[in-house]
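Values below: every heavy atom of this structure, side chains too, minus hydrogens, waters and symmetry copies.
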Amino acid sequence: MLSRMTGFIKMSLAGAIVFALGLGSAGAAETIKIGAVAPKTGPLAVGASITHWPNIKLWVSQVNGRGGLRMKDGSRRKIQLITYDDQTNPTEHIKATIRLATLDKVDFIVAPYGTGFNVAAAPHFAKYGYPQITSTSITDKIPQLTKRFPGLFFTLGNTTAFVGSVVEILAKLRDQGKIGNRVAIVNVAADFGIELKKASIPIFKKAGFNIVYNKSYPLGTQDLSPVMRGVKASNPDAFVAWSYPPDTIGLTVQAKIQGLDVKAYYSAVATAFPVYRNKFGKSIEGVLGAGGLNLDSPALQTYMADHKRVTGKEADFWASPVVYATLQVLEQAIEAVGSTDRKAVTAYIKSGTFTTVMGTWKFKNQVIPSFWTVGQWQNGKFYGVSSTGMPGEKPVAIKRGW
Amino acid sequence: MTRNEGIGWMLAVAGFGAMAFLPLLEDADYLMGLALNITMFTVLATSWALFSGPTHYISLATAAFYGVGATVVAMGFEVLPFPVLLGLAGLAGGVLAALVGLATLRLSGVYFVIFTLGLAELIRQLVSWVQSNIVEVGSIQVFTDNSDNWIYWELLALAALVFLVGWLIERSRLGFAMRIIGNDEVVASHSGIHSAGSKVILFVISGFFAAAVGAVMVTKIINFDPDTFYLPIISFQVVIMALLGGVHRLWGPLLGVIPFTLLWEVIENRFQQPMEMFGVEIVSAGSLKVILLGVCFMLIVYYIPRGVVGRVETLARRLAPGGGASHG
Amino acid sequence: MAENALLEVQGVSKHFGGLVAVDQISFTLRHNEVLGLIGPNGSGKTTMINLISGALRPTMGDIFMGDRLISERPARFIARLGIARTFQLVRLLPSLSVLENVMAGAVFGHKRLWGREARKYAARLLERVGMGHAIGMPLLALTYIDQKRVELARALAADPDILLLDEWLAGLNATELKLGIDLVQTLRQEGRAIIVVEHVMDAIRSLCDRCIVMNSGAMIAEGSPGQVLADPAVIHAYLGDSHA
Amino acid sequence: MDVLITGIYILITGSLLGATYSLIAMGLALQYGVARIMNLANGEMFIAGALVAFWVVTSHQLSPYVSLVFVVPGAFGINWLIYRYLLRPLVRRAKHRGQLEVDSILATFGMGFILVGVLREVFGGELFSYSYLLEPIKILNNNFALNRVIGCLVSALVCGLLYLGFYKTRAGMAMRAVAVDPAAAGLVAIDVPKISALSFALGGAVTAAGGVVISTFLTDMDPSGGVVFTLKALIVVIMGGVGDVRGAIVASFILGLTETLVATLVDPGFILAAAYFLFVLVLLFRPQGLFGRRRA
C-alpha cells in the first residue's frame, strides 16, 4: 500500500515537472542516445573548444555517415547526441550528468573534460553503470580511482611519467653537454600545475639539477613580465613551465620580450595547440611542450585531415586524437557487444583490443600504459619526442633563440 | 503566537516533512537533484537576505564563504570527523564575514559591494598560493561517508535552521534593532543601538550559513579545487534569487529560488542543443542563462523592486477590503 | 560649581571646514535643572545639542557626564549612559507602529527592557504624553504635533537622566503649549535634568531655571531668563538678526 | 647596480600598467563622479572594446588602433542611449543618493551580464589572442614590450586630452560643477541631465578605447573576464576620490606600481592581495579618497 502510494506521488511529481519543463522528447526508436557534458563557457571553455567538443562532433558525424553503430541483429543505429554546458561549474556538471542519466536516459555518456570534472562525475557514472573512458585526465591517483570506480578508464597518462620525461630529456641534453645544470621552474597555481610541480621538484633534484627559480602565479594572471624577468635574472639553462592555456601563451610572449635565451624551453598545456603556432609563427621552433604525436602515422594523418574538414578547425597535437580514440573505443565496444548493455560494454572495454588513431589500445587495469609525454615544435609541427612506449619518437632539438 | 504564525509553522513543518521524504522514493534521482539545488540556494539566498534585507547592503561575498567552507572540509577531512568540520567551516565563514564587515560596514554601501565583488577571487588566489607553495597539493579528492541522501538531508536541515534563526532574529532585540536601523540610522544610534555591530552580527550569520553549504557541497562534488569552488556566479545567482523573491520577508527568497531554478532548468533542457540559424550556431544555454541573469537584474530594478513577495502583498492589500497592512 | 554638575561642557568648539559653528562654549547642567539654550537661527544651538548627544564630535574641548568623558564616544554609548533627545525636525520610524517607535527607546536605551515589559512600559509612556489613544494607529495618520509627542515618549522610554529637547514646543497652539510646559515641568520633578532649545519666550520664562544665549557660535550671556532677556547684547543679537 | 636596474624596471612597468588602469578608471570616474552612476558593467564595455579590436586585427589584418575610429563613437552612442533610456529613469525616481547607488549597481550589473552573453554569442568561447608589435624595446637596461609602450603613450594621449577637456572647456567646467553638486549646478543654468548623459557616454567611450589599447598586449580576452577590470577601476576611483580626474590618474599609477612591486619583489601570487591591501588602507584611513573632500 505504502509503496503504491509513493509510486503514485513520484509519478505525479515527475509528471508535473516533465510537463512544466517540456521534457520527455520522444527520440526516434532506432537511435543510440549519447550524452556529453563539458564546458562551453567559463575558464575551461577555451581548452574544451579546442580539444573536446570538435572530436565529439567529428565522431558522431562519421559514425552517422556510416549509417550508425552496428547491432547484434545486423541493424544499424544512428547516434543522437545530447550535449550540456557545465559552465566550468562542478555543481552544474553533476546536475547535467544526472539529467542525462535519468531524464534523457542516454545509453552512454562521453567522459568529461579535465581531471577535476572526471573525478567529480565518477560517482555518478558509477551509480548508473556508465563506462567512463577519460581522455583529458592526468593524475597520479589512477590506482586508487580505478579501484574505487571499476568503470573508470585512463588513457592520457599520469603525472609522474609526464614529469619524468621532461627531466629525462633535460638530463640527456645536459649529459651531452648541450645545456647546463641550472633549471628555472614556474607553475600556475591551479590543480594540474601544482601537481606537476610537486612531482617534478624531487625528480629534478635527484637528477642532479640546480633549481635556480621556483615560483607560482595565479590562474588568470594577465601580466607575466615580472615572472619572466625573475626567471631571466636567475640565469637558467633550461626553463620549465607547468602552465595552462592562457598563461602558456603569456609566458612565451614575455620570454620573447625579455629575450630569455635558453636552449631548452618547456611549457605544459596548450603548447600543442595550433593557436599557439598561429600566434607566434616560426619563433616557437624548438619549444618543448606537453603531448606530441607520431605525425608520420597514416591513421593520424587521415584523422587530422578529417578533423579539419568536418569541424573547420585544426586538431591539437596532443589530446585531440586521444579524445577521438576513446570514442572509437566506445564505438568498437558497443559494436562488439552488439547492444547497449552497459555492463557488457564495460566488460568488453576492460578486456578487448581496439584499433584507434593512437594505435592499438588494450587496457591494463583500466589504463592505457603507452602515451605521449613530451612533444616539440619542429618545422611548424608538434612531434612527439618522448613517450612511454609509443612508436615514432623524434630526436630532441636544441632551441636557438626566438 | 498569533494565528498567522501558527499557520506559518504548520506550513513549514509540512513542507520540510514532504521534502525530507523525497530520497525515500525510488528512481527519483532527477527530482532529488532539482530538490538539492533548490535547497542549497534556499539556504544561501535566505541567509543572504537575513543580512541584506534589513541593511540594504548588496553582498557579493557568498561565493567566498561557500569556497571557504569547502576549503576547510577539503583540508581536514582526513583528520577530523565531518560534523566537527562542518562547525569549523561555519566558524571560518563567520570569521571572514566579521573581518570584512568590520572593515567596510561602517561605510556606505558602495564600498561594501566593491569589496565583496572581488573577495572570492582574492581568496581563491590566496588558497591557490598556499596549495602551490605550502601544502603542495593540486586538487583534493574529498571521499567521505556522506551519501547523496545524507547530503540532501544535511542541506535540508541547514534550511530548517536558517528559517529558525531568521524567525528568532525577527523576534529578538537584534531584529528589532535592524528594523530601526533600516528606517533611520541616526535615530538608531541615538536610541543606543550599535548599528555597525548589529550589521556585522547579521553578516557573520549569513557567512556562517554560506560556508556550511560549501562544506556540505564539497562532499558531493568530491573534487576540491579552488578554481571550481570560488565561483563568482554563485554570488550573483544568490543575489538575484533573493531579490527576485523579496528580502523583507523571511520566506521571500524561497519565492525567488524556486522559479529561478526551474527557469534555468527549462533553459537547460530547451536550449542546450546548439541551434543553427543562417548556418551559424546561435544562443547556447550558457549564454542564454547569463543573459537571463542580466534580464532578471533589470526586471527587479525597473518593475519589481520588492520582489515577488512585494507584488503578492500589494495584490493582497488591494483585494482585502479596508487595505490594512498585512504583517506576517 | 562642578560638584553638583550632571553635565559639564568645557571649552567646546566645532568647525565645519572654515566655518566655526560652535565657539569655545562652557557651561554646566545641574541635577534637576531646566536649562534653556536660546539664540537666533543659525547661532549653533542644534550643533551644541548634536555635540552633547554624540551625533557630532567636537573639534576642541571636552564634555563630561559626571566624571565620564563622553565627547569622544559614539551616540549609542551616550544614549545608554542616559542622555536622550528629540530632533528639531521630528524623526520617527515610518515602517514601525506607534508603540514600536516608543519601544525603540525602552529596548536599547538606558533602561534596556524587552518583550512584554517593554511593550507595557511604552504604552504607559504614550498615555503619559497624551497619546494613549494612538497605540493602534498607523504612524502616517498622526498630526505633526502628535508625532512630536510620540518622539518625546520614545526619548522618555529610555528613562534618561538628561533630556535634550530641540524646539520641541515649537508649533504648538496655546492649549497644547500649556500642556507641553506642564509635561516638561513634571519631567523635571521626576528628577531629570533637561536642556531645551527654544524660541517660545513664554515657555522659556516659565520653564527655565537658567538660560544660555548663543550668537554666531559663541556664548553671549548666561543667567536667569529674566536677566538674559534684558541683556542689551542679547536684544541686539535678536533684533540685529531680525533686521538683517 | 642590479638594485637600480630592478628599481627602474618596477618604475617603468608599474607606470605602463598604471597608464592602462588610468583609462579604465577615467571612464568610471566620469560615469560615477559626474553622472552619479556606479557602473558595474564598466569591465564588460572594456572587454567589448578589446574584442572588437581583436576582430579588426584577425579578420581584416589592420592595426588594432584603427578600430578606435569606430569603437569610440560606437561606445559613445551606445552609452548615451543606455543613460538616456535605462539610467535616467532611475536618477529621476531616486529619493536619495543611496537608493540611486543600489539601483544603478543592480541595473548595470544586469547590463553587464547581458553584454557577456551577447559577446559570448558573437565571439564564441575561444582563445582570443593576436600578436601586435610583439618586440622588445630596451629602456635603461631593461626590456619592455613595444606594444605596451605604445599602449602607454596612447593612454597618456587620451588622458591628456580628457584632462584638457575637463579643465579648459566650458563643457568640462560644467561637468566639474555637476560632479561637485548637481543641485547647485542646476541653479546656475547648467543642463544637468544633458551633462550627465554626456559624461556617461564619454566615460563609456574612454573605457572602450581602453579595451582597444589593452587588447594589443592582453593574452586572453575572455568575454566573462570583465569583472576583474571593473574591480580595479572601482578601487582606483575610490582611492583617487570620487569625481576627481587627477585623483583617478594618480591612484592608477599607485596601483600599477604597487602591483608590479609586489609581483617583482614578493610573489606574483599576491598581486590582487596587494590591490586589496591598498583598498583596505583607503577604507580605514581615508574613505573620501586621496583627493576627495570628506562628505559631512
Side-chain angles (χ1 to χ4, degrees), chain B residues 52 56-58 60 99-100 102-133 185 232-233 235-236 239-240 243 280-284 286-302 305, chain D residues 32 38 40-41 43-44 86-87 89-90 93 97-99 101-122 124-125 223-224 227-228 230-235 237-238 242 267-273 275-277 279-284 287-288 295:
Chain B
S52 289
H56 308 296
Y57 281 84
I58 299 167
L60 297 172
L99 291 175
V100 173
L102 289 174
T104 55
L105 285 177
R106 299 171 300 126
L107 301 164
S108 99
V110 175
Y111 297 80
F112 180 74
V113 176
I114 299 167
F115 197 90
T116 55
L117 176 67
L119 190 65
E121 176 66 10
L122 173 71
I123 297 176
R124 175 187 76 82
Q125 292 196 2
L126 294 179
V127 172
S128 295
W129 187 87
V130 169
Q131 285 200 322
S132 183
N133 296 286
E185 232 176 302
I233 187 84
S235 308
F236 306 146
V239 173
I240 207 69
L243 291 176
V280 203
E281 282 187 5
I282 57 145
V283 180
S284 64
S287 318
L288 201 65
K289 278 156 99 172
V290 175
I291 292 173
L292 173 76
L293 206 58
V295 170
C296 279
F297 266 109
M298 301 188 65
L299 213 61
I300 287 168
V301 176
Y302 293 101
Chain D
Y32 183 49
M38 176 43 93
L40 290 195
E44 277 70 36
L86 291 173
L87 299 173
L90 297 184
R93 82 173 189 199
R97 186 152 183 181
Q99 195 197 342
E101 272 173 355
V102 171
D103 280 352
S104 61
I105 282 171
L106 292 176
T108 55
F109 223 54
M111 291 169 205
F113 280 116
I114 293 173
L115 205 53
V116 168
V118 171
L119 288 175
R120 269 187 193 165
E121 276 313 309
V122 174
S224 42
V227 74
V228 180
T230 308
L231 185 71
K232 297 267 170 83
L234 290 168
I235 292 179
V237 169
I238 300 287
V242 172
D267 192 294
F270 298 134
I271 293 177
L272 189 64
Y276 256 87
F277 182 68
F279 191 31
V280 171
L281 285 185
V282 170
L283 289 188
L284 292 182
Q288 74 273 32
R295 268 188 265 166

K.L.:
Using heavy-atom distances under 4.5 Å, tell me whether Met38(D) contacts chain B through its side chain, its backbone, both, or neither.
P.N.:
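Side chain only.
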K.L.:
Which atoms of Tyr57(B) are under 4.5 Å from chain D, going by heavy atoms: the side chain, the backbone, both sets, or neither?
P.N.:
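Nothing of Tyr57(B), per the 4.5 Å heavy-atom cut-off to chain D.
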K.L.:
Which atom pair, heavy atoms only, marks the closest approach of Phe115(B) to Tyr276(D)?
P.N.:
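Minimum heavy-atom separation between Phe115(B) and Tyr276(D): O-OH, 2.5 Å.
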K.L.:
Less than 4.5 Å apart, any side-chain heavy atom of Phe109(D) and any of Ile58(B)?
P.N.:
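Phe109(D) does not reach Ile58(B) side chain to side chain.
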K.L.:
At what distance, to the nearest 0.5 angstrom, does CD1 of Ile233(B) lie from CZ of Phe113(D)?
P.N.:
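Taking CD1 in Ile233(B) and CZ in Phe113(D), the distance rounds to 5.5 Å.
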K.L.:
Between chain B and each of Val122(D), Asp267(D), Leu40(D), count heavy-atom pairs under 4.5 Å; write down the option with the most.
P.N.:
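Heavy-atom pairs under 4.5 Å are most numerous for Asp267(D).
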K.L.:
Which heavy atom of Leu231(D) sits nearest a heavy atom of Ile114(B), and at what distance?
P.N.:
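That would be CD1-O, 3.4 Å.
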K.L.:
Keeping Tyr302(B) on the side-chain end and Ala107(D) on the backbone end, is there a donor-acceptor pair under 3.5 Å?
P.N.:
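Between the backbone of Ala107(D) and the side chain of Tyr302(B) there is no qualifying donor-acceptor contact (under 3.5 Å).
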K.L.:
Hey, which of Val118(D), Val102(D), Ile105(D), Leu90(D) has the most heavy atom pairs under 4.5 Å with chain B?
P.N.:
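So the answer, after comparing Val118(D), Val102(D), Ile105(D), Leu90(D), is Leu90(D).
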K.L.:
For the interface with chain D, which of Glu121(B), Gln125(B), His56(B) has the highest count of heavy-atom pairs at distances below 4.5 Å?
P.N.:
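Ranked by contacts with chain D, first place is Gln125(B).
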K.L.:
Taking side-chain hydrogen bond (donor to acceptor under 3.5 Å, both in side chains) as the test, write out the residues that go with Gln131(B), two or more places apart.
P.N.:
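Not a single residue meets the side-chain hydrogen bond (donor to acceptor under 3.5 Å, both in side chains) criterion with Gln131(B).
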K.L.:
Measure the CG-SG distance between Leu106(D) and Cys296(B) for me, rounded to the nearest 0.5 Å.
P.N.:
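If we round to the nearest 0.5 Å, Leu106(D):CG and Cys296(B):SG are 12.0 Å apart.
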K.L.:
Side chain from CB out, backbone as N, CA, C, O: work out which of these in Leu60(B) comes under 4.5 Å of a heavy atom of chain D, or both, or neither.
P.N.:
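Contact with chain D involves the side chain of Leu60(B) alone.
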K.L.:
Only pairs at least two apart or in different chains count here, so list each salt bridge (charged side-chain N to carboxylate O under 4.0 Å, His left out) that has a residue in residues 102-114 of chain D.
P.N.:
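The answer is Arg93(D)-Asp103(D).
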K.L.:
Which pair of non-hydrogen atoms, one from Leu126(B) and one from Ala273(D), has the smallest distance, and what is that distance?
P.N.:
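Answer, listing the atom of Leu126(B) first, then Ala273(D): CD2-CB, 4.2 Å.
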K.L.:
Okay, side chain of Tyr111(B), backbone of Ile238(D): is any donor-acceptor separation there less than 3.5 Å?
P.N.:
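Checking the backbone N and O of Ile238(D) against the side chain of Tyr111(B), no donor-acceptor pair under 3.5 Å is found.
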K.L.:
I'd like to know which of Ile300(B), Val290(B), Thr104(B) tops the heavy-atom pair count under 4.5 Å against chain D.
P.N.:
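Heavy-atom pairs under 4.5 Å are most numerous for Val290(B).
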K.L.:
Side chain, backbone, both or neither: which part of Leu119(B) has a heavy atom under 4.5 Å from chain D?
P.N.:
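For Leu119(B), backbone and side chain are both near chain D.
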K.L.:
Tell me, side chain or backbone of Val113(B) under 4.5 Å from chain D's heavy atoms, or both, or neither?
P.N.:
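Just the side chain, heavy atoms under 4.5 Å.
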K.L.:
If I take atom CG from residue Leu115(D) and atom CD1 from residue Ile291(B), how far apart are they, to the nearest 0.5 angstrom?
P.N.:
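Answer rounded to 0.5 Å: 9.5 Å.
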K.L.:
Mind telling me whether Phe270(D) and Trp129(B) have parallel, tilted or perpendicular rings, with 30° and 60° as the class edges?
P.N.:
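Judged by the thresholds at 30° and 60°, the geometry between Trp129(B) and Phe270(D) is tilted.
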